[in-house]
Every structure is written in C-alpha cells, then in structure tokens.
Amino acid sequence: MKNPPKLVLFSDLDGTLLDHETYAWKPAQSALKRLAALRIPVVLTSSKTACEMKVLQDDMGLGHWPAIVENGAGVIGLPDANPVETYSDLRKALDRLPRELRQAFHGFGDMTVEEISTLTGLPKEAAQRAKARGYSEPGIWSGSDKALAKFTSALAEESLMAQHGGRFLTLSFGQTKADAMQTVIDALHAEITLALGDAPNDFAMLENADMGVIVANRHRPTPPLLRGEKEGRIIRTDAPGPAGWNDAVHGILDRLGFAEGQTLNG
Ligand SMILES: [Mg+2]
C-alpha cells in the first residue's frame, strides 16, 4: 500500500479538544493514541501562554511537538520560529507612548496576579501562568473610542498592533495564528494539514488547512457556512468538544488510509 501523506494536525483547545465546561480531554484519548502511534504531530493552537500550554501538552503527552501560543504571537518548540521582538520590547514600546494614552491601557504587566485572577476567574496559580507573557500583552482599555484610535496609531508607529478579543485588547507585533501555522507547516514539512476548532477565531485556520473540522459547541451560535464546506473539505461534528474531536480524527485517518492500529513502521 502507498504510504499516506505526511499529515500535521492543528487544534484549538477550549471547546474543541477541551470540554467547554469541564476542560476534560480524555474523550479524545483514543484518537490521540492513534496519532501518537503514527507519529503525526498534534500542534495545539490557542491564546494561552507558553507556561499554560506546557502544562497541557505534558498532560496530553504532546510535549515533543511545537505549539502556537498567544494567538499566534509565538511558537514554542521551534527555537528559530519566534519574532525577534520580545515581551520586554513590547512593554518598553508601550511605555514610550504619550502619557495620557499609556494611562488608559492597563495590561497584564501592570496588574498583580490577584487582579488577573479576579478579572479572568482563573485560580491564582493559573493566573500566574497567564501573566508569564512571551510575545503579547492583553489588557483593559479604559479610555474613549476617540483616544483608542490615537492609541492604535501611536502603537503602529512602534510596529505594534491592537486586537479586540472578548473583553481584552491584546497588543502584539502582529504575527497571526495563520502566520504561525505557516511557520510550523514549513518546519515540519507537512504535506497535508488538518485543523480543528469551534469558534470564529479558528475559522481562518480551518479555511487555510487542507481539511477542517468545526467541533460542535452548544454554548455558541451555529457557525456560518465556511469556505470549502460545500465541497466537503470542512466538516462538522455531531458530538461536542473532545468526543466530536475523537470521532472526526478517527474518520479522517481512516479516509486518508491510515489503518487502525498501524504504527509508523507497521
Ligand atoms: Mg475554542
């Protein structure tokens, strides 16, 4: 039999590989085991920091693969893949802004662990890991919309961009999830890519991959029809979270010709 193509899998975490409410991933264990036996890279992709990501990667036995952190602002596990500008460069640039603009932005770096814990609902230890930034700075904007426009153009002069995501305004040097994904594809010499996600911030990743899976999440509005969905390049799961993830990955591995129980050398 012809060898199946070199597949690399990208996956969102919350609501996708992790249950929306309990954060459990065990319902996806059988597909994860099959991927591990085939040595197919599983690249976790999320807004989490490297510190938060490493805890999860170790728990799932994925610590030897790269991961995309801070919404694409950084990649862990690929030493040469990261922007030359660091978090401390970002903080220095932020402090060079005019005082009235700077004061209206309260970033994680300006907050105590307790403040971050209150704001995010994370327990203190987890808040500590969320505060350990590598490449981007989430924060709260307390100024007017007009001042925000000035803030954004002052940031642009420092090569920084600001993105709204939920309640936070996140500053970064501009690398997106799609950029980070391309970096990983190149580094791992992927021939075919599979991406899984549940929310609008994953849809570009799903559309950019060769195959995409929208994992059902009953806590979110039904996603619109995505590019490639009519042609069957993107599918939707019936089961939510890790159970849907498990079904979809098994189905796709079967379709691509990876036999059940097959290992890389088997
Ligand atoms: Mg999600």
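Read the numbers this way: they start at 1 and go in the same order the structure lists the ligands and their atoms. Not measured: the values here are computed from a predicted model.
Scanning for ring pair (Phe, Tyr, Trp, His ring centres under 6.0 Å) contacts around Phe151 gives Phe105, Trp141, with sequence neighbours left out.
Around the Mg ion (ligand 1), protein N, O or S atoms at less than 2.8 Å number 3.
Residues Asn71 and Ser47 have side chains that never bring a donor and an acceptor to within less than 3.5 angstrom of each other. Between the side chains of Thr49 and Glu52, at least one donor-acceptor pair of N or O atoms lies under 3.5 Å.
Between the side chain of Gln175 and the main chain of Gly72, a donor-acceptor pair closer than 3.5 Å is present.
Looking at Arg91 and Asp110, a side-chain N of the basic residue comes within less than 4.0 Å of a carboxylate O on the acidic one, giving a salt bridge.
Taking the six-membered ring where the residue is Trp, His219 and His20 present parallel rings, their angle staying beneath 30° rather than reaching 60°.
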